There are 2 protein chains.
Amino acid sequence: MSDVVSLKVETESVELRLLNAAEAILESEGPDSLSVRRIAKAAGVAPMGVYNHFEGKMGIIDALFRRGFARLGAAMSSLVEIENPLEALAEGGRRYRSLGLAHPMAYQLMFLRPVPGFNPSIESAKVATAAFEGLINAVRRAAALDLLRDLDAVVTAQILWASYHGWVALEICGLGFVSDVDAGAEALGAAIWMGIANPNLVINE
Amino acid sequence: MSDVVSLKVETESVELRLLNAAEAILESEGPDSLSVRRIAKAAGVAPMGVYNHFEGKMGIIDALFRRGFARLGAAMSSLVEIENPLEALAEGGRRYRSLGLAHPMAYQLMFLRPVPGFNPSIESAKVATAAFEGLINAVRRAAALDLLRDLDAVVTAQILWASYHGWVALEICGLGFVSDVDAGAEALGAAIWMGIANPNLVINE
DNA sequence: CAGGTAAGTAGAACACTGTTCTATATATCC
DNA sequence: GGATATATAGAACAGTGTTCTACTTACCTG
């Protein structure tokens, strides 16, 4: 039987080819270029392939959405390897921003609603929420050492996320009026840290 | 000559009808429903009217974009009527959020990318930037009284904006994991204030 | 006033879009 | 082998933004 090559492997390859083609188009040309025919042509199949494997355009967008959040989740979950909780939090912010800047188109797809009619599936929404577990965990570690203001860890994590998200989104869209965005991002990080840190710790500084 | 009704007035009315129709559709059905034919039909004219008066779909989207920022600009510029600079800054954040929540679809059009191919015109980008003059002014007032950390006023204003923008955008898109978003927004405001305030002032509290 | 020009108007045509339909091919099972 | 399910390519369909066409209206000039 070793001479028989199952075409099921090839079937999986079509799905992967479509998804990789879509990702390449997204990264190089932006979400506006993600048409069914464009993706299918780049993958070397007929447009119906998108329907056979992803149930349509929204299905393949959903898969790209999940890829983006999986990437973010990996960056956040590895914060646990950083022993110092303060450093882990600061690194969380830095990683969030650098990921966004490294993948601006994926960032838009994840957060800025660029594809009309697209709503994440329930599965994808779970992946998206899970992506922040690492950050929430880092917040909890810092809180356990009394390093933070007396706020719910989930609220603190969302404040961190919202602030960086806002900054990165403005940055990616070219909005804003500061001249040095890198220095601005540092200042934002410092301000947020001042805002969530245990006031007694700040006083002792 | 008072009996002669110039049809130029009627011409302006077509443009206004189109724009008002577009705004109504945006607010009630969202940006995905802003098709040229949909807008024209709602305004009672042929689709070519969008091209005659706005040079096409992107032109009328541009006009909606400007309306949104004009509304925001008015809310920010009236902060000058609030004598206490601290109260003005806090009110700026509250107004930003309440405007976003009152006009979620306009907010998306202004800050997310819901319309494929749309980029603000140079004129609109100016209106957008000018919308924050009131906020920057309020920051400058507080800084002049030594109430803020030693940061450039423009950077401080963008930190404020980015933080609230991030929070409101997540809120509007239904993203996030806190259960009480109102309390979360208050906590965000408090954290940001701690982050931008003059440390000596915070110590004295 | 008549003629010329510019701009607005409605409706039709065009290329592109997401989706569905049709016919065929392939894989699997009995 | 036949039956069934699924994948495949290509075509058809309705909706999209845009352009084209023909006509109308407003304005200006001689």
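A quick note: this is a predicted structure, and the numbers were derived from the prediction, not measured. Quick note on labels: first sequence line is chain A, next is B, and so on, each numbered from 1.
In this structure, CE of A/M58 is placed 8 Å from P of C/dG18, rounded to the nearest angstrom. Separating the CD atom of B/E15 from the C1' atom of C/dA7 is a distance of 14 Å, rounded to the nearest angstrom. Taking atom NZ on B/K57 and atom P on C/dC16, their separation rounds to 18 Å, with Å as the unit. Straight-line distance from the CD atom of A/E55 to the C1' atom of C/dT19: 13 Å, rounded to whole Å. Here the P atom of nucleotide D/dT16 and the CD1 atom of B/I60 are 15 Å apart, to the nearest Å.
Looking at residues 23-35 of chain A, you'll see A/L34, A/S35 sit with a heavy atom under 4.0 Å from some atom of DNA chain C. Contact check of residues 37-52 of chain A against DNA chain C (heavy atom, cut-off under 4.0 Å) returns A/R37, A/M48, A/Y51.
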Below 3.5 Å, can you tabulate the donor-acceptor pairs from side chains in residues 72-85 of chain B to any protein atom, sequence neighbours excluded?
{"from": "B/S77", "atom 1": "OG", "to": "B/G73", "atom 2": "O", "distance (Å)": "3.1"}
{"from": "B/S77", "atom 1": "OG", "to": "B/A74", "atom 2": "O", "distance (Å)": "3.2"}
{"from": "B/S78", "atom 1": "OG", "to": "B/A74", "atom 2": "O", "distance (Å)": "3.3"}
{"from": "B/S78", "atom 1": "OG", "to": "B/A75", "atom 2": "O", "distance (Å)": "3.1"}
{"from": "B/S78", "atom 1": "OG", "to": "B/R95", "atom 2": "NH1", "distance (Å)": "2.6"}
{"from": "B/N84", "atom 1": "OD1", "to": "B/L86", "atom 2": "N", "distance (Å)": "2.9"}
{"from": "B/N84", "atom 1": "OD1", "to": "B/E87", "atom 2": "N", "distance (Å)": "3.4"}

Using distance only, find each side-chain donor-acceptor pair of residues 172-188 of chain B under 3.5 Å and give its atom names and separation, not counting sequence neighbours.
{"from": "B/D180", "atom 1": "OD1", "to": "B/D182", "atom 2": "N", "distance (Å)": "3.2"}
{"from": "B/D180", "atom 1": "OD1", "to": "B/A183", "atom 2": "N", "distance (Å)": "3.0"}
{"from": "B/D182", "atom 1": "OD1", "to": "B/R97", "atom 2": "NH2", "distance (Å)": "2.4"}

Do any side-chain atoms of residues 146-154 of chain A form donor-acceptor pairs under 3.5 angstrom with protein atoms, and if so which ones, sequence neighbours left out?
{"from": "A/R149", "atom 1": "NE", "to": "A/G195", "atom 2": "O", "distance (Å)": "3.0"}
{"from": "A/D152", "atom 1": "OD2", "to": "A/V154", "atom 2": "N", "distance (Å)": "3.1"}
{"from": "A/D152", "atom 1": "OD2", "to": "A/V155", "atom 2": "N", "distance (Å)": "3.4"}

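Under the side-chain hydrogen bond (donor to acceptor under 3.5 Å, both in side chains) criterion, A/Y164 pairs with no residue, sequence neighbours left out. Under the side chain to side chain contact (heavy atoms under 4.5 Å, CB included) criterion, B/F118 pairs with B/M58, B/I61, B/D62, B/F65, B/V115, B/P120, not counting sequence neighbours. For A/R140, there are no side-chain hydrogen bond (donor to acceptor under 3.5 Å, both in side chains) partners two or more places apart in sequence or in a different chain. For B/S33, the side chain to side chain contact (heavy atoms under 4.5 Å, CB included) criterion is met by B/I25, B/E29, not counting sequence neighbours.
Listed here is the closest heavy atom pair of A/A22 and A/L34: O-CD2, 3.3 Å.
At the phosphate of C/dT9, OP1 or OP2 sits under 4.0 Å from a side-chain N or O atom of B/H53.
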